[in-house]
Every structure is written in structure tokens, then in C-alpha cells.
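Notes for the one structure printed next.
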2 protein chains.
Amino acid sequence: MNPFEKLPIDKQKRIVDASISEFADRDYETASMNKVVERAGIAKGSLFNYFKTKGSLYYHIYHLAIGEVKSYLRKVRDETAGLPFEDRLAKIVDSGVQFISDHPRLARIYFRLIYSADSPDRQKIVSELQKLSDDYLGEIIQDAMDRGEVDSKLNKTQTVFYLDAVLNRFLKEYHESSNGNQFDRDEWVKGITTFFIKGLR
Amino acid sequence: MNPFEKLPIDKQKRIVDASISEFADRDYETASMNKVVERAGIAKGSLFNYFKTKGSLYYHIYHLAIGEVKSYLRKVRDETAGLPFEDRLAKIVDSGVQFISDHPRLARIYFRLIYSADSPDRQKIVSELQKLSDDYLGEIIQDAMDRGEVDSKLNKTQTVFYLDAVLNRFLKEYHESSNGNQFDRDEWVKGITTFFIKGLR
DNA sequence: TCTTATATTGACCGGGTGGTCAAGTTAATA
DNA sequence: TATTAACTTGACCACCCGGTCAATATAAGA
């Protein structure tokens with residue numbers, strides 16, 4: 001049993017919280033272990049006792065973030081299992097927006113990881129995430145094809161790619177503009193769904 | 001007249017080349033002025049004589065990259081002015097791929113800037129680039145609307161957004177996978193164009 | 001209570017950073 | 001050629017980094 005898990009829960013929480021904030025504010029290379037201990041109110045030696053390296057702390061936090069993302073995806077997939085493609089798509093976008101509102105710092109870490117360059121094992125992590133997304137969207141596309149809502153002769157890889165590109169970009173834009181000028185969420189959701197319905201049938 | 005411009009051209013080139021390599025290899029925060037002088041074979045003091053700060057050197061290089069991108073965009077816009085939307089779209093993708101092949105390091109700097117987090121004035125630069133892309137794609141969409149190839153009742157902002165999202169993502173993917181497993185460029189170009197033709201008409 | 005084991009601390013290490021500047025080199029002028 | 005002006009150099013500065021470890025505080029066991 002590693003030393004971190006033996007800690008009182010509230011202390012664990014303080015450390016995790018400080019780490020999330022730091023990795024959300026700065027990218028991996030520039031994030032500072034000194035700042036983490038400062039934020040968490042513990043000594044540097046302690047942090048390196050719980051996590052041997054900066055990389056292993058990052059690994060811990062990143063898995064936490066991915067876990068949350070996964071559970072959101074699973075939830076929306078199951079809740080919309082019977083719905084038509086159009087409604088399903090709208091729900092996916094909505095739940096993405098919801099996730100960003102609920103976990104802005106985790107969303108930041110997620111986008112940093114996807115789009116930025118230098119985290120340890122970046123390539124591995126990104127392709128793991130890509131597979132997750134591909135499987136998820138692939139399943140939904142397949143359902144829509146089976147129901148005849150989407151042209152089943154389409155190249156599935158490409159179709160998933162378009163969906164992933166537009167959805168991710170939309171959420172990223174939403175995330176970045178989340179302070180200040182909001183854009184009309186409903187209109188965008190409607191626009192995106194009709195665009196795909198037409199483009200894929 | 002700033003001291004850098006007074007330098008012999010080949011020395012300027014050496015410095016610019018070294019800087020491009022460094023900013024392509026590492027993101028802004030982790031790129032090192034020490035490494036730049038090492039690569040360029042000049043003394044540190046000299047570099048800081050030509051460019052007062054790291055930020056101003058980055059600014060210089062970034063403008064160089066954007067200039068190249070702009071000239072590529074202008075070229076493909078003018079060369080395809082009379083063509084139908086479908087062919088135009090294909091040409092745009094092609095020329096993007098071409099740019100990445102011709103200027104891999106500049107492409108890297110571009111993607112770093114777009115997707116990564118911490119360059120000086122990042123927000124300003126990114127919105128400047130976004131405007132460039134919006135104007136460019138907006139013009140092409142408008143042409144297609146005028147010719148009746150695209151439904152003119154569509155929300156133009158959204159339409160441009162979808163185009164931008166898919167094109168950028170495709171080029172990014174192409175860029176990242178450019179070592180090793182190539183994917184079938186023609187099939188993707190065909191897939192993307194027909195998807196948009198159907199989705200937008 | 002005394003002793004042993006464990007958890008916590010922060011000064012310290014080697015190394016890298018952007019940036020400076022006195023001293024040395026080269027070029028231009030008279 | 002002698003003098004001045006401009007350029008070039010790299011040792012040096014303060015600061016920050018991830019990581020270590022002897023010393024100290026705390027908890028457990030006898």
C-alpha cells in the first residue's frame with residue numbers, strides 16, 4: 001500500500017486539489033512541485049514521499065480526470081440508448097458542456113493533454129483517449145446506421161473523425177470562452193446536429 | 001533600424017533557422033535561448049543585442065511563420081477562384097498538406113501556437129489567426145452560396161466553424177502522423193468534400 | 001514511561017533559466 | 001597610422017527547478 005493512500009482523506013483531498021489546480025494552470029513542464037506543496041500546505045519532502053516523481057503525481061491526477069470523463073460518457077451513452085441519432089447528438093454536446101461547467105479544471109487538464117505537446121507518455125495517453133472516443137462515437141454511429149438514420153455505406157472511420165473533430169473543437173471553444181461572451185448554446189447544438197444529419201444521411 | 005537587420009544575410013539566416021528549430025522542438029516556455037545561440041553558433045550577448053527578450057525573438061519567428069501561411073492561403077484562393085466548391089475544397093486540403101511537407105517546422109510552430117497554451121500574447125495572436133481563417137473560409141463559403149452550391153440560408157458563422165474544425169483537425173492529424181503510417185490522402189480528401197457538399201446544400 | 005518505528009520537515013544540491021555588462025575585437029574615420 | 005565608434009563575447013547574476021536526506025516531531029508498542 002503506497003504511503004499516499006494511508007493519509008487521512010482530507011489531507012489527500014488537499015493535495016489532489018492543489019495538484020489539479022497547478023496542472024490546470026500550467027502545462028506539465030512548467031507546472032511546479034514547489035507550487036503544489038505551497039498550495040497544499042505541506043512540506044516538499046512529504047510530497048516526494050507520497051509521489052516519487054513529478055511524473056507519477058501527474059499520472060495520478062490525469063487518471064482521475066480521465067475517470068471522470070469516462071463516467072460522463074458512459075452515463076450519456078446509456079441514458080440515450082434508445083433515442084434517435086439527432087437527439088443523441090444533442091445530448092452528447094449538452095453533456096460535454098455540462099462536464100466543463102462541473103469540472104472546469106479537469107476539462108482544462110484534458111484539453112491541455114489533447115492539444116499540447118509535452119506530458120510524459122503523451123503519445124500513449126493520447127492514443128488511449130482517441131480509442132476511447134472512437135469506440136464511443138463509433139458505437140453511436142453504428143446504432144444510427146443500423147436504424148437507417150445514417151447512410152450505412154459511409155466510411156465509418158471518417159464519419160467518426162468528423163464527429164470527433166467538430167465536437168471537440170466546439171467544446172474547446174466553449175471552454176475557452178467560458179469567461180465572458182457566452183454564445184447561444186441551443187442554436188449551436190441545433191446547427192451541429194442538423195449539419196451532421198444532412199451530411200451523413 | 002534595428003541591429004538584427006544590419007547583419008549579413010547569411011548570419012541572419014543562421015539565427016532565424018536556429019530559432020525556428022528551437023521553437024518547433026519545444027514550446028515557448030521550455031524553448032531555450034541558450035540552445036538557440038548554441039545552434040546558431042553565436043554568443044549569447046549578441047542574440048540579446050539583436051532581440052531584447054525571448055518574447056521579441058518569438059514574435060519575429062511567429063510573424064515569419066504566419067507570413068508563409070498567409071501567402072499559401074492567398075495563392076490557393078486566387079488559383080481556385082472560378083472553380084466549383086467541391087474542387088476548391090479539395091485544393092484547400094491539398095495545399096495544406098503541401099504546406100506541411102514544405103515547411104514542417106513552421107507547421108509545428110503554427111499548431112503549437114493554435115493548440116498549446118503559453119505563448120506571450122497568445123490570446124491576441126490566436127484571435128488574429130482565427131480572423132484570418134474565418135475571412136478566408138467565409139469568402140469561399142460566400143462564393144459557393146452565391147453560386148447556389150451551398151444553401152444560402154445557412155448560418156455562415158457556424159458553417160465556417162465546421163469547415164475550420166474539420167480542416168484543421170485533419171491537417172493536425174496528418175502533421176503528427178507524418179512519420180510512419182501514412183493514410184490515404186485522396187480518399188480522405190474525397191470523403192471530406194462529399195461530406196461537406198451533402199451537409200451544406 | 002521509555003524505546004522504537006514511522007511520518008514530516010526544509011535546508012541543500014546540481015543544473016538550467018532569461019538577461020546583463022565590462023572587457024576584448026573589429027571596422028570606420030581622420 | 002592613431003583614434004574613435006560599433007560590434008561581439010562569455011563569465012556572471014539572481015532565480016527557479018526536481019529531487020534528496022539528515023534531523024526532528026509524532027505515534028505505537030513494551
Side-chain angles (χ1 to χ4, degrees), chain A residues 1-62 112 116-122, chain B residues 1-62 112 116-122:
Chain A
M1 192 184 194
N2 78 51
F4 181 67
E5 289 165 18
K6 283 194 250 174
L7 255 38
I9 308 265
D10 63 322
K11 194 169 189 179
Q12 286 189 29
K13 273 192 184 162
R14 250 169 49 224
I15 293 168
V16 165
D17 189 72
S19 306
I20 288 176
S21 290
E22 182 65 12
F23 284 121
D25 283 356
R26 321 178 74 88
D27 54 28
Y28 177 76
E29 292 284 356
T30 49
S32 159
M33 295 296 266
N34 293 326
K35 294 266 167 58
V36 171
V37 301
E38 196 181 300
R39 288 199 215 237
I42 60 172
K44 199 172 177 177
S46 296
L47 183 57
F48 277 92
N49 185 29
Y50 310 143
F51 299 94
K52 286 193 210 307
T53 63
K54 184 184 179 179
S56 70
L57 172 58
Y58 180 73
Y59 188 82
H60 184 87
I61 298 299
Y62 144 75
R112 241 187 231 298
S116 182
D118 308 300
S119 349
D121 301 316
R122 194 238 170 200
Chain B
M1 193 184 193
N2 77 52
F4 181 68
E5 288 165 19
K6 283 193 248 172
L7 256 37
I9 309 264
D10 64 322
K11 194 169 189 179
Q12 286 188 30
K13 272 192 185 161
R14 251 170 48 226
I15 293 168
V16 165
D17 189 71
S19 305
I20 288 176
S21 290
E22 181 66 11
F23 284 121
D25 283 356
R26 321 177 74 86
D27 55 27
Y28 177 77
E29 291 284 355
T30 49
S32 160
M33 295 296 267
N34 292 326
K35 295 266 168 56
V36 172
V37 301
E38 196 181 300
R39 291 171 119 130
I42 60 173
K44 199 172 178 179
S46 297
L47 184 57
F48 278 92
N49 185 29
Y50 312 142
F51 299 94
K52 285 192 211 306
T53 64
K54 183 184 179 180
S56 71
L57 172 58
Y58 182 72
Y59 187 83
H60 184 87
I61 298 299
Y62 145 74
R112 242 187 231 299
S116 183
D118 307 301
S119 347
D121 300 317
R122 195 237 169 198

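Everything quoted here is computed from the prediction, not taken from an experiment. Proteins get letters first, then strands, A, B, ... in listed order; numbering begins at 1 in each. For the numbers below, each heavy atom of this structure counts, side chains included, while hydrogens, waters and symmetry mates do not.
- A:Ser32 comes within 4.0 angstrom of the backbone, heavy atoms only, and of no base.
- A:Lys35 places its NZ atom 14 Å from the C1' atom of D:dG18, with the value rounded to the nearest Å.
- Remark: A:Glu38 CD to A:Glu22 CD distance equals 9.0 Å, nearest 0.5 Å.
- Minimum atom distance to the side chain of B:Lys44 is reached by D:dG10, of the listed D:dC7, D:dG10, C:dT8.
- The closest donor-acceptor contact from the side chain of B:Arg112 to the backbone of B:Asp25 lies under 3.5 Å.
- Comparing C:dG19, D:dG18, D:dT8 against the side chain of B:Lys54 picks out C:dG19 as the nearest.
- Residue A:Tyr50 is classed as a sugar-phosphate contact, given heavy-atom separations below 4.0 Å to backbone atoms only.
- A straight line from OH of B:Tyr58 to P of C:dG18 spans 14 Å, rounded to a whole angstrom.
- In this structure, B:Phe51 atom CZ and C:dT20 atom C1' are separated by 18 Å, rounded to whole Å.
- Per the geometry, CG belonging to A:Leu47 stands 14 Å off C1' belonging to D:dC17, to the nearest Å.
- Scanning atom types as modelled, no donor and acceptor separated by under 3.5 angstrom connect the side chain of B:Lys52 and the base of C:dG19.
- Candidate nucleotides D:dT8, D:dG19, C:dT8 were compared by shortest atom distance to the side chain of A:Leu7, and C:dT8 ranks first.
- Comparing the start and finish of the helix from C:dT3-D:dA28 to C:dA30-D:dT1, five pairs each, the helix axis swings through 10°, to the nearest 10 degrees.
- Listed here is the closest heavy atom pair of B:Arg39 and B:Ala18: CB-CB, 3.6 Å.
- In this structure, the CG atom of A:Asn34 is 13 Å from the C1' atom of C:dA11, given to the nearest Å.
- In terms of heavy-atom proximity, A:Tyr50 sits nearest to A:Pro3 at CA-CG, 4.2 Å.
- As rounded to whole Å, 18 Å separates atom P of D:dC16 from atom CD of A:Glu29.
- Atom CZ of B:Arg26 and atom CD of A:Glu29 lie 7.0 Å apart (nearest 0.5 Å).
- The interatomic distance linking B:Glu38 (CD) with D:dT9 (P) rounds to 15 Å, in whole Å.
- Contact annotation: A:Asn49 side-chain N/O to C:dA7 OP1/OP2 distance is not under 4.0 Å.
- Side-chain atoms of B:Phe48 lie closest to C:dT20 of the nucleotides D:dG18, D:dT8, C:dT20.
- Residue B:Leu57 contributes atom CG, which lies 10 Å from atom P of C:dG19 at whole-angstrom precision.
- Ring pair A:Tyr58/A:Phe23 is perpendicular by interplanar angle, where above 60° counts as perpendicular and below 30° as parallel.
- With the nearest nucleotide of DNA chain D identified for both A:Tyr28 and B:Ser46, B:Ser46 has the one nearer the 5' end.
- The side chain of A:Lys6 lies closest to C:dA7, out of C:dA7, D:dG19, D:dG10.
- No hydrogens or angles considered: nothing links the side chains of A:Asn49 and A:Ser46 as a donor-acceptor pair under 3.5 Å.
- Within the 3.5 Å criterion, the main-chain N or O of A:Met33 finds no donor-acceptor partner in the side chain of A:Lys44.
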